[in-house]
Each structure stands twice: as C-alpha cells, then as structure tokens.
Amino acid sequence: MNIHEYQGKAILRQFGINVPAGKVAFNAEEAVGNAQELGGDIWVVKAQIHAGGRGKAGGVKVARSLEEVEKYAQEMLGKKLVTKQTGPEGKIINRLLIESGCNIDKEYYLSFVIDREKEKITCIASPAGGMEIEEVAAKEPDKIYQEYIDIHVGLLSFQARRLAYKLGFPREQVNKVVDILQKLYRVFLAQDCSLLEINPLVETKEHNIIPLDVKMNLDDSAAYRHPEWADMRDNSEDDHKEIEANSIGLNYVNLGGDVACMVNGAGLAMATVDIIHYYGGSPANFLDVGGQGTAEDNAKAFRIMTEDGQAKGIFVNIFGGINKCDTIADGLVRACQMLDLKLPIVVRLEGTNVNEGMQILKEASLPNVHIVKSMPEGAKKIIALVKEQEE
C-alpha cells in the first residue's frame, strides 16, 4: 500500500522527527488558506501522487507570494502529471501539499528497505541527494553506502554514526543524524514498511537536519495490525479493478497485457504469468482466487478480468485444493451466461473434483471454452487464440 507524502510526514512527526510544516489542499482556495496559516513568504506547492520524479515533471513549485500559490494550485489540480514512474498514462493530481520553504544547504539520500537475499533490513545512504538513486548507482556507485541491520538488535549507534561520517556530515552534526536515522528505523518497524525513502534529507543553512520528502510503502500483509490504514488509502490512485477484487477477497494486480489469468495460489499464479511470457504472450493480470471462493465470487472474478476490454482471452489454470475444480467450473459457466462472454477461454483443471469440473464444462457446451491437459499446452493455446483475434 502506498501513501502520500503528507501522510508519511504526519507519521514522522508522531515519532518526533522534524519535518517542514505543511497542510494538504484539495482546491486552490484551500491552498491559499493553508499558505496564509503557515505564514512566511516562501511556500512549496507539491503534487500528491503515488509516484516519484514529480519535480522534474513540474509537480513541485516554489511560490513566493500567495498569488503564485493560487496560480500553481490551479495549474496542477485536475491535471495529469507524467513522470518516469507513472508511465505515459500519468496520474491525475487530486490533492496538493502546501509546505513552508526552507534554506537548503546540502542534500542527501536515505532509505530503509528489506534485503530479502540477506534477510535483513538495509539502510541505504548517499551524499547525492535529490537525484534518482538508480542514476547514482549506475553512474557513481562509490557514492552508495549501506548498513545491514540485525532485526534482533536494531540499528546500532555505531552504524548510524558510521553512515553519518561517510555522508560527510561535520562532527557537530553527527549526533543529529544518528538521532534521525534511529527514529526512522523505528518508524520502519512500527509501521510495517516495505520502503521508507527520504530524498532529499537536507541540511539547512541554519544547520538543521530535515527530511524534505518522504516516500513510504506499507506492507499490505500487515494491514490487520493497522486499522488506521483504511483512512489513508487513496482509491483514486489505485486500479479500480484491484479495488473491486480486494473488496470480495481476491488478490488482483493489473499487469497491462491482454491474456487474463485466473489461478488459485500465488505460486501457481506467478508461474502462469511466467509461462505466458515464456511463450510470447502478455499477461493482463495476476489473479489469485484463493481457496475459499464461491461460484458467485469466481463469476465476479471473470467480470473484473474482462471489463473495459483489456483482456482478449482468458487462461484458467487451477490446481484444485480447498477451492475445488467443480466450483471454478460452475463459476466459469455462470460468468459466460451472465456476461455473455465471447472471449476465448482456455481451461486447465487438476486436483480436487477435477472430473466433476470437467463434466460441468462439457455439459455447458460453451463454444469459446477450450479444455487442455497441461500448463504449457494451455499457455500456447490461449496465446494463439488471442493472436488469431488480432489478425
């Protein structure tokens, strides 16, 4: 789950981390009011979307008057912002962060991520802040520093101090940096983050150390521990099909291709996506229907996969366990009847009640449904059928 910058900064404040004063605005009038309330004579108007690279794309503006705050707010709100991370389709700006300006002296990069290979949380830091870390890693890898953290003891003072010196902070600033690093680590743990990125972390001319921007990704698997997350989710940023699928307990991720995949179990779902790629197809989605779905839920899954015309064919790849093959077959038949599905559908069923499932499909006599015996056969078949439609 992604959250906006202003939400991430609110969390940092809760942990005693100093961030610039700011308020969210949903219209130009509110933006001006926020600037007046913050006071001062310089403000930053920042587009709030779930993507990086906003500054280069024109989504961050420095305003030196209330008139400029209003002007930038009007220019941004409701407009599409295209960055490297959004792709050409971009994202619509529905909210802004109006923030007090600060006197930046130096910029640094800082993040906490999970290194799955080493099974540790890793703190990554660089003196080349304000830049995309991928560019820094490619062009100046010697400017990337890492500290691996043992979760049983946490980020130790000597590790944070070592990073501060590597980044080039003067001795009198090191304790401030250590304090921020250790607080950020506590945020990472307490909020079940998968990513906590500060870019840039700035040293001001007044010698303050401030996280100027924050990107925080939260692990959906920990949502049961955080009921407050429900209020932070911005559904306008998410794919509407993913939202609908989640509401009925389905795990759906839009992958942008044209071969829809209906699979049970995350491992089989990933293998199905891989095998479609392997044989030259383009998966439309990752869809794990899980083990508890009813025929009605499975019919809804077909509707979600096929709405808006993205999918040109469907590969149903099921190894029946708790979610039985006959339940899947019944849901498929109902979906074809309810939705008048004409798309080619390739079905591979194995496992619990496979014979009953096959019988349901045979009795339905659906002309667009093709039954296969293996994953490779199914992948090749659906790719061929999709290509036939395009020709």
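- Across all non-hydrogen atoms, the minimal contact from C102 to V202 is SG-CG2, 4.5 Å.
- Side-chain contact between T272 and M375 is present, with at least one heavy-atom pair separated by less than 4.5 Å.
- Remark: K118 qualifies as a cation-pi partner of Y148 under the 6.0 Å distance and 45° angle criteria applied to the six-membered ring.
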Go through the steps to decide whether H50 and D234 satisfy the test side-chain hydrogen bond (donor to acceptor under 3.5 Å, both in side chains), and finish with yes or no.
CA-CA 9 Å; H50 290 165; D234 181 1; 5.1 Å; no

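- Few gaps surround CD on E172; more than 12 heavy atoms of other groups in view lie less than 6.0 Å from it.
- For N368, the CG atom counts as densely surrounded, since its 6.0 Å shell holds more than 12 non-hydrogen atoms of other residues, nucleotides or ligands.
- Listed by first and then second residue, the ring pair (Phe, Tyr, Trp, His ring centres under 6.0 Å) pairs involving residues 89-111 are Y108-F169 (not counting sequence neighbours).
- Contact between E99 and L212 at its shortest, heavy atoms only, is OE1-O, 4.0 Å.
- The shortest side-chain heavy-atom distance between D213 and I198 does not fall under the 4.5 Å cut-off.
- Two residues are said to be in side-chain contact when any heavy atoms from C-beta on lie closer than 4.5 Å; K324 and T327 meet this criterion.
- Within the 4.5 Å cutoff, the side chain of L156 has no heavy atoms near those of the D150 side chain.
- Pairing each heavy atom of P283 with each of L255, the nearest pair is O-CB, 3.5 Å.
- For the residue pair A25 and I98, the shortest heavy atom distance occurs at CB-CG1, 4.1 Å.
- Contact record, I210 with P20: CG2-CD, 3.4 Å, taken as the closest heavy-atom pair.
- Heavy atoms from other residues, nucleotides or ligands lying under 6.0 Å from OH of Y278 number 12 at most.
- Between I121 and D115 the shortest side-chain heavy-atom distance does not fall below 4.5 Å.
- For the pair K56 and T83, the minimum side-chain heavy-atom distance is 4.5 Å or more.
- Residues L341 and T306 are in side-chain contact: their nearest non-hydrogen atoms beyond the backbone lie under 4.5 Å apart.
- For the side-chain contact (heavy atoms from CB on, under 4.5 Å) with K176, the qualifying choice from N18, I209, L181 is I209, the only one to do so.
- Side-chain contact of N254 with Q310: a donor-acceptor pair under 3.5 Å is present, judged by distance alone.
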Where do R64 and E68 land on the salt bridge (Lys or Arg N to Asp or Glu O under 4.0 Å) test, with the steps shown first?
CA-CA 7 Å; R64 291 175 170 78; E68 286 191 348; 5.4 Å; no

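- By the rule that hydrophobic residues join a cluster once side-chain heavy atoms approach within less than 4.5 Å of another member, F286 and Y279 end up as members of separate clusters.
- Side-chain contact between V45 and V60: absent, with no pair of heavy atoms (C-beta onward) separated by less than 4.5 Å.
- The CE atom of M76 sits 10.5 Å away from atom NZ of K71, with the distance rounded to the nearest 0.5 Å.
- For S126 against L167, the heavy-atom pair with the smallest separation is C-CD2, 3.3 Å.
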